[in-house]
2 protein chains.
Amino acid sequence: MSGEDAPAQQQNAEEQKQPQQETKTPAESPKTESKPDPPPTSASTEAAAAAADADTPAPAAEKAPEEDTFSYRALVLTGYGGYDKVKLQVKKGKPALKSGEVMVRVKMCGLNFADLMARQGLYDRLPSPPVSPGMECSGIIEAVGEDVTDRKVGDKVLVLNRSGLWQEVVVVATTHTFLMPEGMSFEEAAALPVNYITAYMMLFDFGHLRPNQSILVHMAAGGVGIAATQLCKTVNDVTVFGTASASKHEVISQGGVTHPIDYRTRDYVEEIRKISPKGLDIVLDPLGGSDTHKGYNLLKPMGKLISYGAANMLAGQKKNLFAVAKTWYQQFSVHTLSLIQGNRSVCGFHLGYLDSESELIAQAMAVIMDLYKQGKIKPRIDSTYHLEQVGDAMRRMQERHNIGKIILTTEPMKEEEKKEEAKKDEEKKKDDKKKDDKKKEDKKKDEAKKEEKKEEKKKEETKKDDKKPEEKKEEAKKEEN
Amino acid sequence: MSGEDAPAQQQNAEEQKQPQQETKTPAESPKTESKPDPPPTSASTEAAAAAADADTPAPAAEKAPEEDTFSYRALVLTGYGGYDKVKLQVKKGKPALKSGEVMVRVKMCGLNFADLMARQGLYDRLPSPPVSPGMECSGIIEAVGEDVTDRKVGDKVLVLNRSGLWQEVVVVATTHTFLMPEGMSFEEAAALPVNYITAYMMLFDFGHLRPNQSILVHMAAGGVGIAATQLCKTVNDVTVFGTASASKHEVISQGGVTHPIDYRTRDYVEEIRKISPKGLDIVLDPLGGSDTHKGYNLLKPMGKLISYGAANMLAGQKKNLFAVAKTWYQQFSVHTLSLIQGNRSVCGFHLGYLDSESELIAQAMAVIMDLYKQGKIKPRIDSTYHLEQVGDAMRRMQERHNIGKIILTTEPMKEEEKKEEAKKDEEKKKDDKKKDDKKKEDKKKDEAKKEEKKEEKKKEETKKDDKKPEEKKEEAKKEEN
């Protein structure tokens with residue numbers, strides 16, 4: 001059954017679900033076509049298959065009974081869990097445009113840590129599944145609603161929204177769109193909003209970064225890490241300590257990290273104390289748990305700890321209850337009297353909880369765009385994946401292989417690529433199966449060994465028991481003597 | 001026995017005590033002359049008596065065997081407790097000047113909340129008694145140590161130090177002195193450092209105050225409150241909510257408070273919500289306890305709560321264990337996840353714990369002096385007391401009668417004033433005695449009443465008991481019928 005001729009009944013069922021979601025989600029209005037859940041396979045194969053069903057998105061210029069024929073591909077989180085829970089589906093029907101809204105034909109989407117958290121059910125700003133994730137994208141305005149005067153069809157924009165942007169077509173309020181400056185690529189535009197606004201507001205509003213200060217940037221090769229490093233370079237003589245695995249050090253050094261630290265082989269607290277015995281002015285902490293405590297203790301007087309995530313909760317592709325519980329348990333809590341005696345500040349930041357503050361965001365974006373035009377900042381793209389490959393994209397981010405931003409492109413995969421992908425997936429499946437088989441075999445061997453050991457133990461015990469009567473006899477003899 | 005001819009033995013005892021104190025206290029080097037503790041009297045009488053003993057501080061120009069004849073009056077905290085624990089004493093011997101230090105002939109001293117806390121033993125930055133309190137003063141440089149090139153004899157300076165400035169003569173590092181600008185009075189100079197640096201660093205470093213923001217200033221008629229209000233006016237369109245009792249509203253309104261709130265008759269949270277339903281950008285909180293919780297809940301996204309004291313701990317002139325325990329118990333503690341979800345910041349500030357950060361303080365002071373020269377800020381003096389009247393000065397502050405800064409002058413009281421003061425004190429004593437007597441009488445009456453009640457109760461119970469047999473008889477009769 002193809003996604004395009006799904007029974008109407010199912011469409012209605014999907015529709016009835018929608019009103020429970022928050023009103024601002026662009027995923028809401030159009031009808032979602034979804035296939036019944038196939039037996040679990042790897043995410044990419046499935047996505048590729050879904051894409052094959054929906055190769056022909058409605059061209060922007062199409063006329064006539066458009067409302068019926070309009071369709072577009074969208075990534076949908078179908079439930080909490082592993083990478084395969086984000087599926088490529090086809091939505092049908094042209095989304096309605098309200099006053100003040102625009103419709104954007106999406107080119108590129110940005111991937112964020114919050115998306116990984118969301119997939120595991122750890123991010124409460126994403127409406128419950130089924131829902132399209134995605135907080136940022138870039139594209140071209142295809143239609144404008146009533147009362148929209150500051151945007152026109154054909155405008156290239158980048159978009160920031162609470163969710164729902166991992167689709168070929170999105171409808172958002174104009175206040176959530178920002179005109180792309182001359183010379184900015186769609187990749188860069190999709191890579192910019194979340195990371196740079198986050199880094200900017202943390203550094204310059206909460207952090208009040210000034211010349212000659214020092215700062216710790218965790219995950220310095222990640223999206224926020226690279227944005228923060230670039231923004232630090234816009235202030236004179238800021239010392240940036242950046243954690244990343246050794247293979248990324250050259251790149252982050254070139255990007256502006258003064259002291260790269262391999263957190264896998266070194267104690268970063270020790271390394272920092274060696275160079276800055278008095279401590280740091282700012283610590284950006286995306287990790288949570290015990291790292292927040294370490295960050296707090298690294299602060300100088302008037303220092304600021306800015307916590308903006310709990311990446312330590314992410315361990316493996318599915319929710320790891322132990323990692324979540326440990327991070328929660330170790331979560332930092334502070335008393336005002338301790339803050340007073342240390343002259344310290346502890347701040348929390350998450351752009352996802354700031355979506356109603358359009359004015360604040362617009363102010364930050366204006367400065368960021370200006371810095372971009374001056375050539376002072378430039379998003380670094382790590383890699384670009386097709387929507388069909390979202391699973392691989394998420395895996396790359398979660399396993400921390402990226403240096404810079406991971407991008408999803410709405411451009412459909414070419415047939416050859418799909419075949420390649422399918423082959424790879426087959427191989428992966430085989431690999432996984434082999435691994436699974438090996439695990440099972442190992443388990444069997446382990447169990448067999450355990451059984452053997454048990455048998456041996458039993459035998460030994462039986463021997464002991466056997467011995468006992470003899471020993472008793474001997475003892476009896478001794479007593480007799 | 002006069003303070004000036006105290007036995008040498010006693011001097012030595014005092015001296016032996018000193019090395020236990022922190023090295024930076026100016027009170028340390030000279031010999032302290034102290035009288036044996038007289039029976040407890042009111043602070044002012046005692047201070048006046050001590051002053052009478054020491055009417056002739058060594059004039060600055062005096063020559064010859066100066067080291068022996070040099071003496072000066074100093075306020076000394078003799079132990080933790082009420083207002084009478086700060087006594088006026090005479091110190092003998094010229095303090096030694098180390099390299100980089102200057103000796104200042106003090107004109108005026110500033111009174112701060114930390115001094116009140118210190119007297120009750122609630123401020124751990126003051127070395128243990130006997131010790132001279134005082135974090136700020138103004139005066140004229142009388143001598144400079146080796147290697148001092150940026151100060152000369154005759155310079156008018158204001159001084160900021162961890163403690164020890166409530167004396168006629170102090171020795172401090174030059175980095176703790178700041179040249180007074182043209183036209184600044186000694187009162188203003190003594191009123192400026194603690195309040196304005198505190199307000200400045202809170203508003204512009206932790207708070208990052210910008211145009212169009214809103215702020216809550218508690219105790220808006222106090223020293224920090226007035227400084228903060230003036231500094232807010234240097235930024236365009238800042239809305240200042242200020243709490244103070246109604247009688248002070250006119251003054252603080254003229255000073256720049258947009259919305260004065262009488263915290264004694266109104267719920268300030270409700271009043272603020274009426275005007276700013278979205279909440280506030282900054283809350284300055286000198287109170288602690290439950291007010292910190294209220295402040296936190298008043299914050300907008302990206303809002304900052306800045307806690308800089310626990311004035312709620314002060315209830316009455318002696319340590320009130322209930323108030324201390326309650327404030328501690330209600331002290332605010334926050335989890336980073338709560339901060340993240342609210343996009344909030346919680347900061348702690350206290351200048352007393354920042355004394356080693358000369359550079360930060362010098363930067364702040366430079367801006368403050370500049371603002372003073374431009375006429376944008378001007379310390380408001382509430383009242384000036386002689387050292388002899390320090391008890392009254394502290395009482396005025398603790399009972400929140402002041403509007404602006406309370407100043408201590410080193411100028412000795414005139415004979416007539418002393419007589420007046422002594423009379424007043426006699427009256428106060430009589431008053432206090434009357435009050436005490438009344439209390440005692442009331443207590444007696446209460447006890448008598450209680451006794452009466454007990455008696456009555458007993459009688460009633462006896463009656464009941466008396467009744468019971470009768471009742472029983474009646475019941476028995478009824479049963480018989």
Side-chain angles (χ1 to χ4, degrees), chain A residues 124-125 201-202 204-210 212 278 281 285-289 292-293 295-296 300-310 313 327-328 330-357 359-361 363-364, chain B residues 124-125 201-202 204-210 212 278 281 285-289 292-293 295-296 300-310 313 327-328 330-357 359-361 363-364:
Chain A
D124 61 2
R125 298 300 284 168
M201 296 187 84
M202 291 196 298
F204 297 108
D205 192 351
F206 281 150
H208 194 224
L209 178 67
R210 281 159 298 161
N212 300 310
K278 278 191 71 182
D281 294 294
D285 169 37
L287 301 173
T292 316
H293 296 258
Y296 184 75
K300 269 186 198 172
M302 297 309 288
K304 292 108 183 163
L305 170 76
I306 307 165
S307 178
Y308 68 104
M313 279 192 188
T327 311
W328 258 105
Q330 294 181 330
Q331 198 62 17
F332 186 68
S333 147
V334 71
H335 222 264
T336 41
L337 286 184
S338 152
L339 291 169
I340 289 176
Q341 295 186 347
N343 281 297
R344 286 174 189 176
S345 156
V346 176
C347 321
F349 185 85
H350 202 292
L351 195 54
Y353 298 92
L354 209 64
D355 55 350
S356 58
E357 299 296 314
E359 209 177 312
L360 277 181
I361 288 170
Q363 282 167 9
Chain B
D124 61 3
R125 297 301 285 168
M201 294 187 85
M202 290 197 298
F204 297 109
D205 192 352
F206 281 150
H208 194 223
L209 178 68
R210 281 159 298 161
N212 300 308
K278 278 190 72 181
D281 294 293
D285 169 38
L287 302 173
T292 317
H293 297 257
Y296 184 74
K300 268 186 200 172
M302 297 309 290
K304 291 108 183 161
L305 169 77
I306 307 165
S307 178
Y308 68 103
M313 279 192 188
T327 310
W328 258 104
Q330 294 181 332
Q331 198 65 17
F332 186 67
S333 148
V334 72
H335 222 263
T336 42
L337 287 183
S338 151
L339 291 168
I340 289 177
Q341 294 185 348
N343 281 298
R344 287 173 188 176
S345 156
V346 175
C347 321
F349 185 86
H350 202 292
L351 195 54
Y353 297 93
L354 208 65
D355 55 351
S356 59
E357 301 295 314
E359 209 179 310
L360 276 180
I361 288 169
Q363 283 166 8

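Since the structure is predicted, the reported quantities are computational estimates derived from the model, not experimental observations. In what follows, chains carry the letters A, B, and so on, assigned in the order in which the sequence lines appear, proteins first and then strands, with residues in each chain numbered from 1.
- Within the 4.5 Å cutoff, no side-chain heavy atoms of His208(A) are placed close to those of Phe206(B).
- Not counting sequence neighbours, the partners of Thr292(A) by the side chain to side chain donor-acceptor pair (under 3.5 Å) test are Asp285(A).
- Contact of Arg125(B) with chain A is not made at all, since no heavy-atom distance falls under 4.5 Å.
- With a 4.5 angstrom heavy-atom cutoff, Tyr308(A) touches chain B only via backbone atoms.
- Only the side chain of Lys278(A) comes within contact range of chain B, with heavy atoms under 4.5 Å apart.
- Rounded to the nearest 0.5 angstrom, Ser307(A) OG and His335(B) NE2 are separated by 10.5 Å.
- In this structure, chain A has a heavy atom under 4.5 Å from the side chain of Leu360(B), while its backbone stays farther away.
- Note that the CD atom of Glu357(B) and the CE atom of Met302(A) stand 9.5 Å from one another [nearest 0.5 Å].
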Name each donor-acceptor pair under 3.5 Å that joins a side chain in residues 336-343 of chain A to protein atoms two or more places apart or in another chain, with its distance.
from      : atom 1 : to        : atom 2 : distance (Å)
Thr336(A) : OG1    : Gln331(B) : NE2    : 2.6
Ser338(A) : OG     : Tyr296(A) : OH     : 2.9
Asn343(A) : OD1    : His350(B) : N      : 2.7
Asn343(A) : ND2    : His350(B) : O      : 3.0

